[in-house]
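Both ligands and their constituent atoms are indexed starting at 1 by order of listing. No hydrogens, no waters, no symmetry mates; every other heavy atom, side chains included, goes into these values.
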Amino acid sequence: MTSFESFAELCMKVEGIGSSLEKTAILASFFSELDEAELLVVPSFVMGSAFPASSEMLLGVGPSTLYEALSKATGSSLAKIKEILRRTGDVGAVAAEVVEKRKPATLSAFIEADGISILDVHARFLDLARASGKRSQGVKMKHLRYLFGEAGPLEARYIARLALDDMRIGVGEGIVRDAVAKAFGASPEEVERGYNFTGDLGLVAQRAKAGRLSELTIEIGRPIKMMLAQLGAGIPGSVVEMGTVAVEWKFDGSRVQIHKKGEEIEIFSRRLERVTRSLPEIVGFVKEHVRAESAILDGEAVARGEDGRPLPFQEILKRFRRKYKVERTAKKIPLELWLFDLVYLNGRVLIDEPLRERRRHLELVADKKILASQTVTSDPDEVAEIYEEAIGAGHEGVMLKSPESPYAPGKRGKNWLKIKPVMETLDLVVIGARWGEGRRASFLGSYRLASPDPDTGKLEDVGWVATGITDEMLVELTDLFRDLILVSGEGMEVEMKPEVIFEVAFEEIQKSRSYSSGYALRFPRLVRVRDDKALEEADDLERVASLYATQRGRSGISSG
Ligand code: AMP
């Protein structure tokens with residue numbers, strides 16, 4: 001059994017190294033000493049996740065739960081913990097410091113312990129993730145207290161970071177993949193392939209150790225990474241670049257990967273979460289309209305409004321997240337299914353077949369009713385026509401796919417290009433901010449935005465922006481706003497004198513009850529600070545409303 005302490009020492013070592021090659025070598029040597037059970041766990045751990053991406057498990061520990069557990073396990077006050085957090089900007093440093101100073105009377109300080117193992121920590125994390133309902137908070141607290149009670153400062157540093165998915169040792173998929181290859185004498189390509197098939201580098205490492213990497217393949221019931229698209233540079237340019245293209249609507253919905261084995265159906269979301277129970281009609285469509293003994297199908301689920309147009313993304317999320325009373329929500333927000341790819345059929349893996357071949361099989365097994373239509377052409381005008389149709393029907397644009405391309409799981413390559421309208425930006429007033437967490441604790445990391453009501457002049461909330469802010473900007477913005485802070489509100493939030501305008505880009509405007517304006521921005525991103533604009537020049541709610549009405553060709557039809 002490998003101790004968690006030696007894992008923490010590994011992390012400490014890796015954290016201090018800049019070179020990826022060196023990191024890879026150190027990790028490889030650590031991996032090569034682990035047993036098979038540990039290998040299942042450690043690759044995710046070094047990347048900062050308690051579980052692999054494809055696992056059903058989610059830790060669900062937030063900063064406040066963690067601070068409370070640290071406080072209870074060590075006797076340090078919450079105020080003290082926040083103070084160290086401000087000073088260091090690192091939850092790991094906080095944990096190390098308070099565990100170091102632990103008052104002797106607390107918990108197991110008197111117990112002569114052997115130390116916790118990597119598998120102990122993993123087992124506690126599993127229990128934590130399984131806890132649900134009313135008791136879950138208590139269970140989480142119990143396990144975290146136990147872990148911090150048993151841990152020394154170095155172990156606590158990495159338990160805390162792991163619990164918050166904030167490892168900061170600069171190890172990502174690429175390094176782990178290379179380290180697994182190096183540890184067990186496999187090629188990085190073999191390891192990568194195994195990873196794309198299983199979404200689980202732990203499993204890949206375990207098989208590599210056993211010399212059974214080549215046996216890993218796509219299996220029904222285990223999600224594979226989905227192929228992704230790049231943003232194309234307009235229709236003519238993209239068509240010239242690709243030559244012949246297979247054009248499909250880019251449906252405005254949410255990705256589904258469907259596994260069928262006989263009458264058994266499993267559905268996975270874009271993030272490879274199991275969402276089968278939330279989407280009964282999708283299960284029904286597949287049973288009724290797909291004729292295959294076994295298959296893995298790729299497609300988009302779309303929420304259909306009464307007018308036949310797709311509902312905004314937030315509506316479909318309600319379906320994906322719904323665990324109970326599914327039928328009732330399903331009546332309110334019915335789904336359509338549009339299949340566009342087939343990666344496995346009747347025991348055969350099809351990912352290396354060209355798209356046109358996969359499509360041919362897909363057309364043979366799936367009824368038209370659930371099949372995304374596809375046109376193969378090299379004429380930009382024809383593509384433009386299909387694009388207009390898609391936008392006119394309320395969808396996002398088109399996907400251009402290379403007919404000769406294989407299915408590349410997990411890849412955002414040039415074989416799939418998305419063509420979408422360029423969204424306009426909004427100039428919004430900053431009315432508040434939030435101090436960051438972790439590394440960003442001494443900076444204002446997210447900003448509350450507002451738009452004036454044209455009738456009353458009152459600034460109404462439209463949400464927060466935290467994306468698009470580089471480390472450099474973070475320093476500048478914090479300086480800029482420091483003097484504008486009016487009130488330091490609850491916890492990390494501050495109210496701001498409205499003076500600065502942000503130009504903000506976004507994917508979509510949504511109706512929202514969460515903000516006083518009645519609108520929210522989806523995926524807001526700071527484009528720049530408009531220091532050339534006065535407060536009166538901010539975009540008002542009338543403009544927000546008109547952008548909402550016209551986006552995706554919705555032309556005034558409200559569907560929120
Ligand atoms: P994006 O999320 O903007 O990177 O665009 C990629 C997403 O578009 C995919 O993950 C799918 O959920 C969605 N999509 C909609 N229609 C299609 C289509 N015909 N082919 C592939 N992806 C599609």
Participant: Can you tell me which residues line ligand 1 if we count any heavy atom under 4.0 angstrom from one of its atoms, in chain and number order?
Facilitator: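 Close residues (ligand 1, cut-off 4.0 Å): Glu248, Trp249, Lys250, Phe251, Arg255, Arg270, Glu300, Phe340, Met399, Lys401, Arg412, Trp416, Lys418, Lys420.
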Participant: With sequence neighbours left out, what residues match Trp338 under side-chain hydrogen bond (donor to acceptor under 3.5 Å, both in side chains)?
Facilitator: Glu336
Participant: Would you say that more than 12 heavy atoms from the other residues, nucleotides or ligands in this model lie under 6.0 Å from the CD of Glu264, or not?
Facilitator: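 Result for CD/Glu264: open.
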Participant: Going by the rule side chain to side chain contact (heavy atoms under 4.5 Å, CB included), which residues pair with Val349 if we only count those two or more places apart in sequence or in a different chain?
Facilitator: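 Once residues adjacent in sequence are excluded, the partners of Val349 under the side chain to side chain contact (heavy atoms under 4.5 Å, CB included) criterion are Thr217, Ile218, Tyr344, Ile351.
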Participant: On the six-membered ring of Phe340, is Lys250 placed so that its NZ or CZ lies under 6.0 angstrom from the centre and within 45° of the ring axis?
Facilitator: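 Cation-pi check for Lys250 and Phe340: fails.
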Participant: Can you list every pair that meets side chain to side chain donor-acceptor pair (under 3.5 Å) and has a residue in residues 227-242, with sequence neighbours left out?
Facilitator: none
Participant: Please indicate whether Arg513 has more than 12 foreign heavy atoms, meaning atoms of other residues, nucleotides or ligands, lying under 6.0 Å from its CZ.
Facilitator: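 Counting neighbours around CZ of Arg513, 12 or fewer heavy atoms of other residues, nucleotides or ligands fall under 6.0 Å, so no.
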